[in-house]
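Residues: numbered from 1 along the sequence shown. Basis for what follows: all heavy atoms, side chains included, without hydrogens, waters or symmetry-related copies.
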Amino acid sequence: MPKVTQAHLDARRQQIIDAARARFAAHGFARTSMPDLVEASGLSTGAIYRYFKSKDQIVVAICEQASNVLPAELTAESVRGFLEHVRAMAREHDHARLVAQIYAEAAVSPALADVVRQQLDDLRASVAALLPGRPAAEAERIAEAFVALCNGYTQQLAVRGDVDPGPFAAALTAIVES
């Protein structure tokens, strides 16, 4: 029997994650069963369970693939561009709906809450690092407000659909420049 390569195993795992990401964004976690993930991925039940013991593990894997796309500096233009990117991800990949689902699930899953909490901590630290010359406590307060407003914008996209980032960009810029 030929040996399965690591690249093949990685591709199958990613296939499951991609199918779950789309299904969760469209239908939510509660309305997505393992048979739904089997259908969406095109793989067998056994294949999915080879990589993930539960739906919760798939959700954690999705979160672990999140990337930080903060701009290199926090100018009015870069903040607007950042929010335009968030908006495009919501339109093109249902990312805002997926984030809403992840936050809701994190409220009842301690393991997922740990992952989300760490990501939020990392994001706040990244924002604070973009505020050179500010006392640490002030940079942390600004970062807290910045991340909260960004999350609010993402939630608005999830619920309202396509939302103009202009007012959010203006508020974020005001927070950074305060």
Report the C-alpha separation of Q6 and D10 in whole Å, then their side-chain angles, then the decisive distance to 0.1 Å, and conclude whether the side-chain hydrogen bond (donor to acceptor under 3.5 Å, both in side chains) test is met.
CA-CA 6 Å; Q6 187 61 46; D10 293 345; 2.7 Å; yes

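- The closest donor-acceptor contact from the side chain of T154 to the backbone of A96 lies at 3.5 Å or more, if one exists at all.
- Applying the salt bridge (Lys or Arg N to Asp or Glu O under 4.0 Å) test to D162 and every residue at least two apart in sequence or in another chain returns R87, R91.
- With sequence neighbours excluded, the residues satisfying side-chain contact (heavy atoms from CB on, under 4.5 Å) with A20 are F24, L37, I58, I62.
- Taking Y51 as the reference, nothing meets the ring-ring contact (aromatic ring centres under 6.0 Å, His included) condition, with sequence neighbours excluded.
- Annotation: salt bridge (charged side-chain N to carboxylate O under 4.0 Å, His left out) contacts involving residues 119-134, sequence neighbours excluded, comprise D121-R124, R124-E144, R134-E138.
- By the side-chain contact (heavy atoms from CB on, under 4.5 Å) test, A148 pairs with no residue at all, sequence neighbours left out.
- Remark: S54 pairs with D56, Q57 by the side-chain contact (heavy atoms from CB on, under 4.5 Å) rule, at least two apart or across chains.
- Sorted by first and then second residue, the ring-ring contact (aromatic ring centres under 6.0 Å, His included) pairs involving residues 81-109 (not counting sequence neighbours) form an empty list.
- Among residues at least two apart or in separate chains, ring-ring contact (aromatic ring centres under 6.0 Å, His included) pairs with a member in residues 137-178 are Y153-F168.
- For the atom pair CG (L131) and CD1 (I175), the distance works out to 11.0 Å, reported to the nearest 0.5 Å.
- Residues that satisfy the side-chain hydrogen bond (donor to acceptor under 3.5 Å, both in side chains) test with R21, not counting sequence neighbours, are D18, Q65.
- Note on residues 104-114: pairs passing salt bridge (charged side-chain N to carboxylate O under 4.0 Å, His left out), not counting sequence neighbours, are D114-R117.
- The stretch residues 26-48 participates, sequence neighbours left out, in these salt bridge (charged side-chain N to carboxylate O under 4.0 Å, His left out) pairs: R23-D36.
- Qualifying side-chain contact (heavy atoms from CB on, under 4.5 Å) partners for E177, counting only residues two or more places apart in sequence or in other chains: T173.
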